[in-house]
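Reading through the structure tokens given below for one structure.
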Amino acid sequence: MKGLNIVCAALIVAIATACGTTERLGGPGESCRARGDCAEGLACIRNACAPVGASFSVTGKECLLVECEGDADCCATFTPSPDCDFYEMRCTADPMDCAAFHQVCECNQACSAERCLDTGPACTRDEDCPSFSNPICNTGRCVECREHGDCPLEGDRCTEGVCGAGCETAEDCPALHACEAGLCVPGTCATDRECAFVLGDARARCADGACLVACSDDLECDTTAFEVCHEERCTFVGCDNDTECRGLFSGVIDDGELAVCR
């Protein structure tokens with residue numbers, strides 16, 4: 001009788017296996033709750049089965065997108081209007097007509113922090129600035145504001161020609177921001193508890209004034225973003241050369257941009 005029971009049990013297992021009733025382990029992208037829910041070679045990362053990343057060492061370098069080294073780089077492809085002689089003649093005859101000349105005959109781009117920024121047309125007075133967004137002439141450039149009172153919204157503050165939300169205390173600013181000179185600026189954390197509420201994760205802690213979620217294993221980090229657990233925090237592994245950065249930014253590099261490793 002005992003032997004018959006063993007045979008029957010073996011038959012049940014064989015039938016269940018043949019019918020596909022045994023639990024199947026998750027494949028790439030499928031949901032999971034623990035490492036054991038995923039097939040071999042996959043790990044449960046952020047509740048989804050994903051390939052286990054290769055082991056990388058942190059280089060301390062980062063990938064950057066660079067547009068320029070100087071103002072000339074930003075104006076290298078600028079093409080003035082073929083009618084600039086006419087626009088300049090009109091500008092000389094009547095300063096009120098200078099806005100068009102500055103707009104289509106002069107490059108209004110400048111290099112700041114290796115990015116090309118639109119500085120607006122040159123000007124000598126407010127009348128030279130016809131744009132609704134930058135109607136004020138300040139230090140030779142058309143800007144949004146010269147002083148706080150120029151900002152259209154009550155409470156806004158003028159900083160370097162741009163209006164921004166003002167504040168009186170840190171309570172007027174987003175979490176982990178401070179109020180300095182009437183403007184909200186990034187601040188620092190003080191306690192682990194504060195970070196837990198801000199990040200919505202009880203594992204969060206405050207380290208060197210910044211909130212982070214500590215890790216103990218590379219699998220707890222986003223391997224698809226080339227993160228590893230370094231000094232108990234998920235960290236981008238960094239780069240060794242520009243070629244790696246071009247690969248990282250593939251598909252998002254605009255014309256004129258360079259991907260560099262520094």
Side-chain angles (χ1 to χ4, degrees), residues 58 60-71 73-74 108-126 128-129 131-215 221-222 225 227 230-236 238 249 252 254 257 260-262:
V58 176
K61 297 180 180 180
E62 62 179 329
C63 288
L64 301 171
L65 285 177
V66 174
E67 281 188 296
C68 58
E69 293 182 355
D71 293 349
D73 295 333
C74 299
N108 299 308
Q109 295 276 321
C111 185
S112 176
E114 298 183 317
R115 307 293 295 178
C116 290
L117 302 178
D118 187 356
T119 59
C123 61
T124 57
R125 56 181 183 170
D126 291 351
D128 295 336
C129 303
S131 170
F132 286 107
S133 59
N134 296 302
I136 295 173
C137 182
N138 189 39
T139 61
R141 289 292 175 185
C142 294
V143 296
E144 185 178 5
C145 59
R146 186 184 300 113
E147 52 191 31
H148 303 321
D150 296 330
C151 296
L153 297 179
E154 184 178 356
D156 274 9
R157 312 281 290 183
C158 181
T159 304
E160 297 181 357
V162 178
C163 291
C167 61
E168 293 183 3
T169 67
E171 284 69 29
D172 298 327
C173 302
L176 297 184
H177 280 67
C179 182
E180 295 182 3
L183 294 175
C184 292
V185 297
T188 59
C189 58
T191 65
D192 293 346
R193 182 183 177 91
E194 182 181 42
C195 291
F197 279 93
V198 170
L199 297 181
D201 194 320
R203 300 172 301 163
R205 62 187 179 88
C206 180
D208 299 326
C211 289
L212 60 90
V213 176
C215 59
C221 301
D222 187 353
E227 288 184 349
H230 178 68
E231 296 180 352
E232 298 186 351
R233 69 178 68 184
C234 291
T235 306
F236 174 57
F249 291 131
V252 298
D254 294 329
E257 290 183 323
V260 297
C261 176
R262 292 178 182 164

Open item on the list: Would you compute the distance between atom CZ of Arg203 and atom CG of Leu212 and round it to the nearest 0.5 angstrom?
Closed with: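 Reported to 0.5 Å precision, the distance equals 11.0 Å.
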Open item on the list: Let me confirm one number: the CG-CG distance from Asp126 to Asn138, rounded to the nearest 0.5 Å.
Closed with: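 Here the interatomic distance stands at 9.0 Å.
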Task: Residue pair Cys111 / Asp71: nearest heavy atoms and the distance that separates them - done: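 It is N-OD1, 2.7 Å.
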Task: Nearest heavy atoms of Cys206 and Asp192, plus distance in Å - done: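 Smallest interatomic distance, heavy atoms only, reads N-OD1, 2.7 Å.
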Under 3.5 Å, side chain of [X] to main-chain N/O of [Y], donor-acceptor pair present?
X      : Y      : answer
His177 : Val185 : no
Arg205 : Cys195 : no
Arg115 : Leu65  : yes

Open item on the list: If you count every heavy atom of other residues, nucleotides or ligands that lies below 6.0 Å from Asp208 atom CG, does the total exceed 12?
Closed with: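 12 or below, so no.
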Open item on the list: Is it the case that over 12 heavy atoms from other parts of the model lie below 6.0 angstrom from the CZ atom of Arg193?
Closed with: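 Not more than 12 within 6.0 Å, no.
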Open item on the list: Please tell me whether Cys74 and Cys68 are bridged, where bridged means their SG atoms are separated by under 2.5 Å.
Closed with: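 With an SG-SG separation of 2.5 Å or more, Cys68 and Cys74 do not form a disulfide.
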TODO: Could you tell me whether the SG atom of Cys167 lies less than 2.5 angstrom from the SG atom of Cys173?
DONE: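 With an SG-SG separation of 2.5 Å or more, Cys167 and Cys173 do not form a disulfide.
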[Y] side chain reached by [X] side chain, heavy atoms, under 4.5 Å:
X      : Y      : answer
Glu114 : Glu257 : no
Asp254 : Glu67  : no
Arg262 : Val66  : yes
Asp118 : Gln109 : yes

Open item on the list: What verdict does the disulfide bond (SG atoms under 2.5 Å apart) test give for Cys189 and Cys211, after you've listed the backbone C-alpha separation in whole Å, the side-chain angles of each residue and the deciding distance to 0.1 Å?
Closed with: CA-CA 7 Å; Cys189 58; Cys211 289; 4.1 Å; no
Task: Audit row: Cys145, Cys158, disulfide bond (SG atoms under 2.5 Å apart) steps and yes/no - done: CA-CA 6 Å; Cys145 59; Cys158 181; 2.1 Å; yes
- [ ] Before accepting this row, confirm whether a basic side-chain N of the pair Arg233/Glu227 lies closer than 4.0 Å to the acidic partner's carboxylate O.
- [x]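 The answer is no: the pair does not qualify as a salt bridge.
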Open item on the list: disulfide bond (SG atoms under 2.5 Å apart) for Cys234 and Cys215? Distances and angles first, verdict last.
Closed with: CA-CA 7 Å; Cys234 291; Cys215 59; 4.1 Å; no
TODO: Let me see the working for Cys151 and Cys163 under disulfide bond (SG atoms under 2.5 Å apart), right down to the final yes or no.
DONE: CA-CA 6 Å; Cys151 296; Cys163 291; 2.2 Å; yes
TODO: For the pair Glu160 and Val143, evaluate side chain to side chain contact (heavy atoms under 4.5 Å, CB included) and give the outcome as yes or no after the intermediate values.
DONE: CA-CA 9 Å; Glu160 297 181 357; Val143 296; over 6 Å; no
